[in-house]
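Every chain is numbered from 1, with letters handed out A, B, ... down the list of sequences. As the structure is a computational prediction, the values presented were derived from the model and not from experiment.
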There are 2 protein chains.
Amino acid sequence: MHVKLNPVERPSTQVTLSCDDCPIRYRAVCANCEAGDLERLEAAKYDRSYQAGQVIVWAGERMDFVASMVSGVASLTQALEDGRTQMVGLLLPSDFLGRPGRETAPYTVTAVTDVSLCCFRRKPFEEMMAHNPRLPARLLEMTLDELDAAREWLMLLGRKSAREKIASFLSILARREASLRHERPSGEIELTLPLTREAMADYLGLTLETVSRQMSALKRDKLIELRGKRGVVLVDYELLLSESGDDADGGLVH
Amino acid sequence: MHVKLNPVERPSTQVTLSCDDCPIRYRAVCANCEAGDLERLEAAKYDRSYQAGQVIVWAGERMDFVASMVSGVASLTQALEDGRTQMVGLLLPSDFLGRPGRETAPYTVTAVTDVSLCCFRRKPFEEMMAHNPRLPARLLEMTLDELDAAREWLMLLGRKSAREKIASFLSILARREASLRHERPSGEIELTLPLTREAMADYLGLTLETVSRQMSALKRDKLIELRGKRGVVLVDYELLLSESGDDADGGLVH
DNA sequence: CGATGAGTTGAGAGCAATCAAGATGGGTGG
DNA sequence: CCACCCATCTTGATTGCTCTCAACTCATCG
């Protein structure tokens with residue numbers, strides 16, 4: 001994959017934001033922590049950023065840190081011998097990256113957009129987890145949510161048609177956008193797709209041609225409008241949802 | 001679904017096994033607990049059993065207990081409006097059923113074989129989790145393992161051919177069987193399938209006809225032998241694995 | 001020994017993948 | 001500022017895998 005490099009070529013590392021100003025303060029692993037806990041976390045944390053397209057960790061590589069997504073979108077991807085790939089996770093702000101107690105990464109993690117992370121070296125973080133029950137408790141909650149999302153995803157991959165997959169994907173994005181603004185999605189919604197057609201295909205278990213064709217079909221059927229390569233207008237959220245195959249209430253927000 | 005009923009029609013409830021004799025003592029949520037912890041758990045626990053085919057919980061139903069699988073196999077299943085179904089979880093002995101802090105079940109849980117559970121009413125269990133960090137810590141570990149398994153499953157559903165799906169499924173079963181005996185699978189392996197063709201289809205995102213056809217094809221190609229409806233002999237585990245599409249080491253045990 | 005549920009096999013249709021050109025448009029350099 | 005470039009995306013033609021519909025076999029059980 002071609003990567004355009006900034007003046008700073010390697011992922012930049014700097015100690016920056018304090019937890020007080022952190023945009024994910026109340027949604028990340030640290031959400032339940034109190035002032036005292038935060039001090040300890042803050043002393044150990046360091047920031048890192050990656051540009052769109054950069055690989056954050058390669059599958060099989062040793063991984064000595066864990067991190068929270070502060071901004072941007074990253075993907076977890078798995079590959080078969082012959083090169084077929086499937087996305088198996090999509091990391092958004094506040095999501096947790098890495099597994100305490102695990103030495104090597106099982107998936108390749110790639111920055112899909114520009115990404116910034118709040119990192120901790122793994123060992124000290126495991127220490128903190130052992131001494132502060134708020135961390136494992138919150139991580140459990142987040143992992144259970146991720147498992148729910150993965151199960152919704154299994155249904156999508158196993159049983160939905162290409163059209164339903166696209167409709168589901170767009171609905172999921174809309175719900176997520178809305179939830180950032182503490183809203184419930186409805187009516188007309190404008191989105192910017194964080195993923196290329198190829199990445200969408202990897203997410204949905206399709207080819208990029210099929211993704212493109214189905215996007216065109218939804219446009220033809222007046223369910224969406226396309227604004228350039230990445231802009232999409234969902235003309236009517238409820239209508240789109242009815243194309244997704246799910247039952248009415250639309251499942252879980254990631 | 002037709003269910004043959006025992007003399008005891010409803011799931012039987014009895015206080016039986018002590019934790020000392022429990023076959024899943026060192027693998028379930030309670031794995032890390034010590035004598036004192038176990039006393040409290042033992043005081044609150046009650047057993048329950050279900051026959052093959054019985055529904056344990058319906059999706060959307062209120063669920064006031066959590067449980068560990070003691071024996072048997074159960075499935076988590078999700079359905080779309082029009083009746084298409086996808087299995088989204090397969091519970092084996094020591095697996096945990098239910099989510100602390102959640103009121104209603106998001107999936108239908110069905111006993112695939114006869115099943116026995118070690119149950120706790122949800123509220124008291126949440127209490128114990130809050131006071132005993134070994135429980136949430138172990139549950140986190142188990143949930144992370146389940147998430148890994150779900151991600152392997154995403155790859156299977158999204159990118160594998162019908163033949164590869166069947167080969168993967170049989171390999172997974174073999175690995176699991178072997179791990180119960182603390183072995184590494186290899187060579188010739190005899191299995192009893194816990195699932196019907198239909199349940200396999202639900203697991204693999206296929207139709208039951210396709211499952212049947214691919215089983216026949218593997219038989220024709222001398223990769224497996226069939227012994228009645230449920231018996232399968234994997235003639236050569238390594239050879240079968242090479243048909244599964246995965247890279248050599250074969251991924252994670254559930 | 002019919003009835004029943006599970007599994008197998010066959011023929012045909014349909015949906016998404018594959019192979020192959022084009023079109024678009026965001027970014028760069030002249 | 002415009003024109004070109006190249007990655008990204010779209011569209012078309014064809015193939016092929018899996019689904020669908022249907023008939024049939026097999027084992028089990030009253």
J.: Please state whether the phosphate of D:dC9, meaning OP1 or OP2, lies under 4.0 angstrom from any side-chain nitrogen or oxygen of A:Arg230.
T.: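 Yes, within the criterion.
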J.: Salt bridge between B:Glu146 and A:Arg151, side-chain N to carboxylate O under 4.0 Å?
T.: yes
J.: With sequence neighbours excluded, give me every ring pair (Phe, Tyr, Trp, His ring centres under 6.0 Å) pair touching residues 180-199 of chain A.
T.: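 Every candidate ring pair (Phe, Tyr, Trp, His ring centres under 6.0 Å) pair involving residues 180-199 of chain A fails, so no pair, neighbours aside, qualifies.
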J.: Considering the terminal five base pairs at each end of the helix from C:dC1-D:dG30 to C:dG30-D:dC1, what angle separates the two local helix axes, rounded to 10°?
T.: 30°
J.: Using whole Å, report how far CG of B:Leu204 lies from P of D:dC19.
T.: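 One finds 10 Å between P of D:dC19 and CG of B:Leu204, rounded.
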J.: Between A:Leu226 (CG) and D:dT10 (P), how many Å, whole number?
T.: 7 Å
J.: Any ring pair (Phe, Tyr, Trp, His ring centres under 6.0 Å) involving residues 150-180 of chain A? Give me the pairs, sequence neighbours left out, ordered by first then second residue.
T.: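 The answer is A:Trp153-A:Tyr203, A:Phe169-A:Tyr203.
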J.: When rounded to the nearest 0.5 angstrom, what is the spacing between CE in A:Met87 and CG in A:Leu204?
T.: 8.5 Å
J.: Extract all donor-acceptor atom pairs below 3.5 Å that involve side chains of residues 206-213 of chain B and protein atoms in other chains or at least two apart in sequence.
T.:
unit_1   : atom_1 : unit_2   : atom_2 : d
B:Thr207 : OG1    : B:Thr210 : N      : 3.3
B:Thr207 : OG1    : B:Thr210 : OG1    : 3.0

J.: Enter the distance from A:Glu183:CD to A:Ile189:CD1 here, rounded to the nearest 0.5 Å.
T.: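 These two atoms lie 9.0 Å from each other.
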J.: Students often get this wrong, so: under 4.0 angstrom with heavy atoms, is B:Leu208 touching a base, only sugar-phosphate, or nothing?
T.: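 The residue B:Leu208 makes base contact.
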J.: If you check the A:Thr207 side chain, which of D:dT10, C:dT18, C:dT8 turns out closest?
T.: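 That would be C:dT18.
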J.: Grab the CD-P distance between B:Glu164 and C:dA17 for me, whole Å please.
T.: 14 Å
J.: Quick check on contacts: within residues 209-220 of chain A, what sits under 4.0 Å from DNA chain D by heavy-atom distance?
T.: A:Glu209, A:Ser212, A:Arg213, A:Ser216
J.: Which is true for A:Leu193 with a 4.0 Å heavy-atom rule: it touches a base, it touches only sugar-phosphate, or it touches nothing?
T.: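 The answer is nothing, as A:Leu193 stays clear of every strand by at least 4.0 Å.
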J.: Tell me: CD1 of A:Ile224 to P of D:dC9, nearest whole Å?
T.: 14 Å
J.: Find the distance A:Arg84:CZ to C:dA16:P and express it as a whole number of Å.
T.: 18 Å
J.: Counting C-beta onward and ignoring hydrogens, is there a side-chain heavy-atom pair between A:Ser75 and A:Val109 closer than 4.5 Å?
T.: no
J.: Where the side chain of A:Lys229 is concerned, which of D:dC9, C:dT8, D:dT18 is the nearest nucleotide?
T.: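 Out of D:dC9, C:dT8, D:dT18, the nucleotide with an atom closest to A:Lys229's side chain is D:dC9.
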J.: Mind jotting down which residue pairs meet the salt bridge (Lys or Arg N to Asp or Glu O under 4.0 Å) criterion with at least one end in residues 220-234 of chain A? Sequence neighbours excluded, please.
T.: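 Sorted pair list: A:Arg163-A:Asp221, A:Glu190-A:Arg227, A:Glu225-A:Arg227.
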J.: Using the six-membered ring of A:Tyr237, assess whether NZ or CZ of A:Arg184 lies under 6.0 Å from its centre and within 45 degrees of the ring axis.
T.: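 Relative to the ring axis of A:Tyr237, which defines the angle, A:Arg184 lies outside at least one limit.
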